[in-house]
Novice: 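Take a look at this one; I'll ask things after.
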Amino acid sequence: MSESKDFLRSIVEEDLRSAKYTEIVTRFPPEPNGFPHIGHAKSIAINFGIARDYSGHCNLRMDDTNPTKEDTQYVEALKDAVKWLGFDWGEKVYFTSDYFPRLYDYAVELIKMGKAYVDSLSEEEIRQYRGTVTEPGRRSEYANRSVEENLDLFEKMKNGEFQDAEHVLRAKIDMGAANMKMRDPLLYRIRHVHHFRAGDKWSIYPMYDFAHCLSDYIEGVTHSICTLEFENNRDIYDWVIETLGLKPPRPYQHEFARLGINYTVMSKRKLLELVEGGYVSGWDDPRMPTIAGYKRRGYTPESILNFCDQIGIAKANSMVDVSQLEFCIRDDLNTKVPRVMCVMDPLKVTIENYKGSEEIDASYYPHDVPKEGSRKLPFAKEIYIEREDFMENPPKGYYRLTPDQPVRLKHAYIITCKEVIKDADGRISEIKAVYHPDSKSGSDTSGIKVKSAIQWVSAAEAKRVEVRLYDRLFLAEIPEGIEDLNPDSLKIIKNALVEPAVVNEKADERFQFEREGYFYADPIDYTDENPVFNKIVALKDSWAKKTKVPQNTEKPQVKKEYVEGEVAPMSEDEQVLFDRYTKELKLNSEVANTLARDKRLSHFYDEALSTLNSPTSIANIVANEVARELKEKEADTLKFSPKQIAELVKMIDEGTISNKIAKQVFEQMAQSGENPVQIVQEKGLVQISDPAIILPIIDEIITKNPENVAKFKAGNTKLLGFFVGQVLKGTGGKANPTVVNTLVAEKLN
RNA sequence: UGGGGUGUGGCCAAGCGGUAAGGCAUCGGUUUUUGGUACCGUGCAUCGGGGGUUCGAAUCCCUCCACCCCAUCCA
């Protein structure tokens with residue numbers, strides 16, 4: 001886990017610290033209407049991770065309120081995913097559908113309170129009545145029904161006495177709300193359909209906004225963590241719980257940004273399209289960003305979890321680079337899996353001076369992986385190497401076999417090319433070579449220097465395997481749809497050759513095929529007759545990078561031009577104030593502008609000014625500090641008065657306290673309403689301007705930070721702030737910063 | 001357009017008034033019987049823009065801009 005906390009964990013810790021909750025309960029609440037993808041993995045990691053970190057627990061809850069879309073196969077996929085990632089949901093899986101009876105009772109309660117009503121508008125009318133983002137909606141005439149009538153109708157809805165869409169139950173909130181979600185949201189709709197768990201018992205089903213908050217409450221959830229698009233729904237979440245008067249502890253909703261990864265898609269709709277359109281082999285196609293896909297591809301749970309941890313949790317919409325994910329799986333597998341040799345595109349090499357055969361003992365792991373294990377590697381006169389590892393006319397920097405450059409066969413001997421045989425088309429069909437008997441790996445006395453060691457297999461003993469080479473599914477960094485599909489996302493090599501131990505010993509299900517990448521024995525299609533390996537991820541390849549033709553990725557380097565928007569004009573009154581502030585009181589126009597445009601601020605300012613004639617100082621503190629307080633609170637709930645601000649300013653003007661201390665004092669005033677003079681006296685905050693007191697502290701700081709002194713002298717003038725800050729800290733903020741600045745500057749120069 | 005959010009290197013992301021963390025990617029170098037790994041290093045930051053407050057602002061105030069979400073009987 002990274003050392004800095006994400007904002008959710010900060011909230012959790014604060015809630016624990018303040019004893020808002022004694023135990024943390026989270027939940028992972030997917031709708032079982034599709035296969036979970038890596039975005040779900042992020043959510044799983046967050047919810048189960050937080051529960052684990054704070055010794056709470058996390059419920060796995062299927063949010064199954066829409067019977068037309070959900071299915072039990074998805075429930076299983078969701079459970080598999082959570083389990084595979086290594087989390088434990090405890091006794092049971094929760095289902096929103098289990099709460100249908102209680103949810104119904106809560107709805108009845110709302111009706112009785114006059115807070116919900118049965119609406120009989122058509123779907124189209126409901127839409128129209130809702131208004132738009134800029135125009136308020138209007139309430140349905142059915143909202144006037146009596147409680148009795150509503151109760152009666154709602155019961156009949158439940159009993160299946162109406163057709164679909166004939167009525168709905170709605171919360172009575174505010175059709176003019178700026179938040180569209182609060183315009184009398186639907187609570188229940190009629191659906192005469194079979195529910196995969198509740199059967200045919202219900203003909204009404206609760207909506208997300210009604211069911212979710214209450215399910216959380218019922219389960220004792222404390223932190224209801226969801227993605228950003230539910231921010232607007234938070235108001236309903238709170239409304240339901242508050243209106244019902246549910247006793248604390250109650251859950252609160254917090255939102256984070258969903259995961260986006262480039263070169264893939266994450267929406268259920270697009271994923272479904274890939275599956276149903278046959279563009280992939282299924283939900284678990286190794287190219288899919290589904291958890292089942294990554295699992296089939298050969299990713300490990302650890303690598304996915306590590307990835308989730310690395311990308312962090314925040315509220316900014318973001319698009320993570322796939323390379324980050326690829327790093328995670330390489331990083332995980334590097335220390336875990338055995339290295340073996342596989343030749344995908346074989347080129348025959350005949351070692352003319354080699355007689356007989358031998359078995360070489362070769363370690364499965366490189367020197368830097370502290371694991372034991374080895375296998376026997378048959379060596380013979382006829383072998384295959386990778387076609388790419390020989391070049392007749394190599395470019396500069398080519399380390400492999402050429403007519404003039406010997407190469408080492410990994411774990412075996414050094415060979416030198418003697419002759420290149422070509423077929424009728426001029427294609428190289430075979431290499432004749434010689435080996436150097438005294439160059440055997442581990443006991444090399446030949447003194448021959450080679451630039452690299454390449455993989456190879458014995459022609460007679462190699463085993464044929466199928467290798468499936470996967471590449472990114474989409475060509476476009478941000479794919480729009482199937483038109484962006486990568487036609488080469490899957491290449492199948494039917495006749496790759498591996499050393500025999502791979503299929504005979506089965507040392508692992510994942511291997512590194514040396515110099516190629518990591519591969520995984522396909523859990524479904526692999527058989528002893530036809531072994532199949534999926535490419536998980538390629539090794540980093542700095543040679544390929546070097547030889548790649550530099551595409552003109554030259555960014556257009558558009559100089560961002562910023563449009564300065566038009567500032568709303570002032571009203572006449574505001575203009576009058578503004579003029580008075582700038583002309584009479586000589587305030588700078590920015591401060592005057594801030595004050596003049598806000599009635600509460602200008603009132604506050606004028607009042608403070610009537611106690612103390614210090615227009616500029618008061619203006620500054622009102623326009624900056626007081627403004628902040630007024631953003632969150634109403635003027636009449638402020639703990640401090642204009643008069644007290646005047647007193648505070650007076651102390652600044654007289655030099656009793658510095659601006660820095662004034663801020664500190666102000667904060668306390670805002671909190672407790674104490675008198676500023678009193679705060680200063682009690683805490684002894686009077687500022688220190690006497691160099692005789694400050695100088696020794698400066699000396700101390702300077703001797704304590706020789707490195708920074710050196711840096712400063714080397715030209716890093718930003719460090720002046722560091723020293724001033726340290727001195728100020730050393731005096732509890734009381735040193736006069738202007739004096740400190742001057743003294744520090746003198747000392748250092 | 002009303003409301004709700006978000007802007008910190010190429011991509012993520014810390015930071016909460018006092019030296020702009022870290023990871024990925026990039027580019028060098030060392031080690032290497034994987035052109036891998038590991039290690040070292042490099043470069044890259046107008047902290048969305050502009051003002052203001054302050055000795056000092058990514059952080060506080062004002063303002064503008066850009067992007068995302070909301071007008072499903074989906075979740």
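In what follows, chains carry the letters A, B, and so on, assigned in the order in which the sequence lines appear, proteins first and then strands, with residues in each chain numbered from 1.
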Novice: Counting distance alone, no hydrogens or angles: does the base of B:G7 have a donor or acceptor under 3.5 Å from a partner atom on the side chain of A:N317?
Specialist: no
Novice: Can you tell me how far P in B:G3 sits from the matching atom in B:U63, rounded to whole Å?
Specialist: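 After rounding to an integer number of Å, I get 13 Å for this pair.
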Novice: Compare the minimum distances between each of B:C24, B:U33, B:C73 and the side chain of A:S441, then state the nucleotide with the smallest one.
Specialist: B:U33
Novice: How far does the P atom of B:A58 sit from the matching atom of B:G52, given to the nearest Å?
Specialist: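 Their P atoms lie roughly 15 Å apart.
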Novice: Of the candidate nucleotides B:G52, B:C70, B:U63, which contains the atom at the shortest distance from the side chain of A:V567?
Specialist: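 Closest nucleotide among those given: B:U63.
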Novice: Report the nucleotide, chosen from B:C61, B:A57, B:G52, that has the shortest atom-to-atom distance to any side-chain atom of A:N588.
Specialist: B:G52
Novice: Which parts of residues 120-127 of chain A get close to RNA chain B, meaning a heavy atom less than 4.0 angstrom away?
Specialist: A:L121, A:S122, A:E123, A:I126, A:R127
Novice: Side-chain N or O of A:K545 versus OP1/OP2 of B:U26: is the shortest distance under 4.0 Å?
Specialist: yes
Novice: Would you indicate which nucleotide in B:G23, B:C74, B:C73 comes nearest to any side-chain atom of A:L186?
Specialist: B:C73
Novice: Quick check: any donor-acceptor pair below 3.5 Å linking the side-chain of A:R515 to the base of B:U34?
Specialist: no
Novice: Distance check needed: B:C62 C1' versus A:D598 CG, whole Å only.
Specialist: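 Those two atoms, CG and C1', are 11 Å apart.
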Novice: Taking donor-acceptor contacts at under 3.5 Å, does the side chain of A:K660 reach the base of B:G18?
Specialist: yes
Novice: At less than 3.5 Å, do the side-chain atoms of A:Q455 and the base atoms of B:U34 form a donor-acceptor pair?
Specialist: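 Result: no qualifying N/O pair found.
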Novice: Taking Watson-Crick and G-U wobble pairs with both distances under 3.5 Å, convert RNA chain B into its dot-bracket string, 5' to 3', dots for unpaired and | for cross-strand pairs.
Specialist: .(((((((.[[[..)..(...]]]..((((.......))))......[[[[[..)....]]]]])))))).....
Novice: Measure centre to centre between the rings of A:F712 and A:F722, then say whether the value is under 6.0 Å.
Specialist: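 When the ring centroids of A:F712 and A:F722 are compared, they turn out to be at least 6.0 Å apart.
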Novice: Pick the closest RNA chain B nucleotide for A:N624 and for A:D331 by heavy atoms, then say which residue is nearer the 5' end.
Specialist: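 Taking each residue's closest nucleotide, the earlier one in sequence belongs to A:D331.
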Novice: Taking the minimum atom-to-atom distance to the side chain of A:E229, which one of B:C69, B:G35, B:U53 wins?
Specialist: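 Of B:C69, B:G35, B:U53, B:C69 is nearest to the side chain of A:E229.
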Novice: On the side chain of A:N708, is there an atom forming a donor-acceptor pair with the base of B:U19 - under 3.5 Å, no angle test?
Specialist: yes
Novice: Any donor and acceptor pair, going by atom type alone, linking the side chain of A:E625 with main-chain N or O of A:I621 inside 3.5 Å?
Specialist: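 Checking the backbone N and O of A:I621 against the side chain of A:E625, no donor-acceptor pair under 3.5 Å is found.
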Novice: Tell me which one of A:Y435, A:F379, A:Y413 satisfies ring pair (Phe, Tyr, Trp, His ring centres under 6.0 Å) with A:W456.
Specialist: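 Per the ring pair (Phe, Tyr, Trp, His ring centres under 6.0 Å) rule, the option paired with A:W456 is A:F379, out of A:Y435, A:F379, A:Y413.
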Novice: How long is the line joining CZ of A:F256 and P of B:G5, in whole Å?
Specialist: 18 Å
Novice: When the P atoms of B:U1 and B:C68 are compared, how many Å lie between them, rounded to an integer?
Specialist: 13 Å
Novice: Looking at B:U34, B:C73, B:C69, which one has an atom nearest to any side-chain atom of A:N232?
Specialist: B:C69
Novice: At 4.0 Å (heavy atoms only), tell me whether A:G517 reaches a base, stays on the sugar-phosphate, or touches nothing.
Specialist: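 The residue A:G517 makes no contact with any strand.
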Novice: Using the C1' atom in both, what is the distance from B:C69 to B:A75, to the nearest Å?
Specialist: 14 Å
Novice: Checking A:H167 against A:S120: is there a side-chain donor and acceptor pair closer than 3.5 Å?
Specialist: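 Side-chain D/A pair, A:S120 to A:H167: present.
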Novice: Measure across A:E31 and A:D63 and return the closest heavy-atom pair with its distance rounded to 0.1 Å.
Specialist: CG-O, 3.5 Å
Novice: Answer with yes or no whether the side chains of A:Y237 and A:D216 bring together a donor and an acceptor at under 3.5 Å.
Specialist: yes
Novice: Looking only at the side chain of A:L228 (C-beta and beyond, no hydrogens), which of the listed nucleotides B:U19, B:U37, B:G5 gets closest?
Specialist: B:G5
Novice: For B:C74, does OP1 or OP2 lie under 4.0 Å from any side-chain N or O of A:N33?
Specialist: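 Answer no for this pair, as no side-chain N or O of A:N33 is under 4.0 Å from OP1 or OP2.
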Novice: Assess whether one donor atom and one acceptor atom, taken from the side chain of A:R400 and the base of B:G35, lie less than 3.5 Å apart.
Specialist: yes
Novice: Between the base of B:C11 and the side chain of A:D321, is there a donor and acceptor pair under 3.5 angstrom?
Specialist: no
Novice: Select from A:H212 and A:L719 the residue whose nearest nucleotide in RNA chain B is closer to the 5' end of that strand.
Specialist: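 That would be A:L719.
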Novice: For atom C1', what is the distance between B:U8 and B:A57, given to the nearest Å?
Specialist: 14 Å
Novice: Does any N or O donor sit under 3.5 Å from an N or O acceptor when you compare the side chain of A:E514 with the base of B:G36?
Specialist: no
Novice: Report the residue from A:D119, A:D184, A:D209 that forms a salt bridge (charged side-chain N to carboxylate O under 4.0 Å, His left out) with A:R170.
Specialist: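 With A:R170 as partner, A:D119, A:D184, A:D209 yield a single salt bridge (charged side-chain N to carboxylate O under 4.0 Å, His left out), made by A:D119.
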Novice: For the side chain of A:Q324, starting at C-beta, report the closest nucleotide among B:C55, B:C24, B:C74.
Specialist: B:C24
Novice: Taking only the C1' atom of each, what is the distance from B:C47 to B:C16 in whole angstrom?
Specialist: 14 Å
Novice: Students often get this wrong, so: under 4.0 angstrom with heavy atoms, is A:H411 touching a base, only sugar-phosphate, or nothing?
Specialist: base
Novice: Does a donor on one side chain and an acceptor on the other come within less than 3.5 Å for A:T227 and A:E229?
Specialist: yes
Novice: Could you tell me whether the side chain of A:Y205 and the main chain of A:V193 form a donor-acceptor pair under 3.5 Å?
Specialist: yes
Novice: Using the test side chain to side chain contact (heavy atoms under 4.5 Å, CB included), find all partners of A:H37 that sit at least two apart in sequence or belong to another chain.
Specialist: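 Partners of A:H37 under the side chain to side chain contact (heavy atoms under 4.5 Å, CB included) test: A:H40, A:M266, A:L271.
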Novice: What interatomic distance, in whole Å, is found between P of B:U6 and the corresponding atom of B:U46?
Specialist: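 Going atom to atom, P in each nucleotide, I get 24 Å.
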Novice: I'd like to know if A:R234 and A:E231 make a salt bridge, using a cut-off of under 4.0 Å between side-chain N and carboxylate O.
Specialist: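 No, A:R234 and A:E231 are not salt-bridged.
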Novice: Measuring only the P atom in each nucleotide, how far is B:U37 from B:G23? A whole number of Å is fine.
Specialist: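 Roughly 15 Å separates the two P atoms.
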